[in-house]
Amino acid sequence: MVAEAEVLDELHRLRARVPQLTGALAASVDGLVLAHDTPGVEPEGLAALTAAALGVAVRMTDAAGRGDLRELLLRGDQGYVATYAAGSSAVLTLLTQDRVNVGRLHLEGRRAGGRIGELVDALPRPDEQAAAGARAVTRNPARSVARTSGALGADATTAATSPQAPAKATVRSTMPRRTPRATTPRTTPNTPTTSES
């Protein structure tokens, strides 16, 4: 995907501009990884935790009447975790050393978040692609069948447009047939019968 490569390039440039960065991750607000440069950190787990923290932070800014969430900054003993809004559907999460200049971090993080947001927002969303495909099928179903099967070759086009009888499947067993055995009547041992008079 072109946008993924461009987002990854932006993450590499950001790490070059801020040497104290130890990792950078772009993810959707749902917690799906878009691109990452996070050595030593599992990107899927970080993206999922970012989405969870983002949900709490959005509720907190809303409850405090502070408007839309723009950024989130956490400080630990060994450094910072900063999350910035990146357009309408993505976030940028940065991991830094403790000695980072926080003002510089915010400056570069906001700029990179804006660029990544432009790249991600320019992509068609999956629900928009599905809706566009559905509109094309309802306009001319035969053309969309031919268009989708055209990549498969002429045989697929004729197979898709001409009705055929379904092929009959024959299942043959590789096991040898069993021949019926001759049955012999069972004999029961003679048991004496007693009768009373």
One should read off an interatomic distance between Leu92 CG and Arg111 CZ, to the nearest 0.5 angstrom, of 14.0 Å
Determine, using the 4.5 Å side-chain heavy-atom cutoff (strictly less than), whether Tyr80 and Leu94 are members of one ILVMFWY cluster.
-> yes
Cluster overlap Leu119 with Leu34, hydrophobic side-chain contacts below 4.5 Å | yes
Yes or no on side-chain contact (heavy atoms from CB on, under 4.5 Å) for Leu105 and Leu21, after CA distance, side-chain angles and deciding distance?
-> CA-CA 9 Å; Leu105 173 68; Leu21 277 182; 4.1 Å; yes
Write down the atom of Ala51, the atom of Val29, and the distance for their closest heavy-atom approach.
-> CB-O, 3.6 Å
Output the distance between atom CD1 (Ile116) and atom CG (Leu14), rounded to the nearest 0.5 Å.
-> 7.5 Å
Are Leu49 and Leu32 connected in the hydrophobic side-chain network, where two residues link if heavy atoms are under 4.5 Å apart?
-> no
Side chain to side chain donor-acceptor pair (under 3.5 Å) contacts in which one or both residues fall within residues 12-33, not counting sequence neighbours | Glu10-Arg13, Glu10-Arg17, His12-Asp37, Arg15-Asp37, Arg17-Glu108
Could you check if a side-chain atom of Leu54 sits within less than 4.5 angstrom of a side-chain atom of Leu69, using non-hydrogen atoms only?
-> yes
CG of Leu73 to OG1 of Thr96, rounded to nearest 0.5 Å, is 8.0 Å
Non-hydrogen atoms of Asp98 and Gly76 that approach each other most closely = OD1-O, 4.3 Å
Which atom of Thr61 lies closest to which atom of Val58, heavy atoms considered = OG1-O, 3.0 Å
Run the side-chain contact (heavy atoms from CB on, under 4.5 Å) check on Leu25 and Val41 step by step: do they pass?
-> CA-CA 10 Å; Leu25 168 95; Val41 177; over 6 Å; no
Minimum-distance pair of heavy atoms, taken over all atoms of Ser89 and Val120 = OG-CG1, 3.7 Å
In terms of heavy-atom contacts, Ala26 and Val7 come closest through CB-CG1, 3.6 Å
Applying side chain to side chain donor-acceptor pair (under 3.5 Å) between Tyr84 and each of Arg110, Glu71, His106, report the one that passes.
-> His106
What are the two closest non-hydrogen atoms of Pro43 and Val33, and how far apart are they?
-> O-CG2, 3.5 Å
Evaluation steps, side-chain contact (heavy atoms from CB on, under 4.5 Å), between Val18 and Val100 = CA-CA 8 Å; Val18 184; Val100 71; 4.1 Å; yes
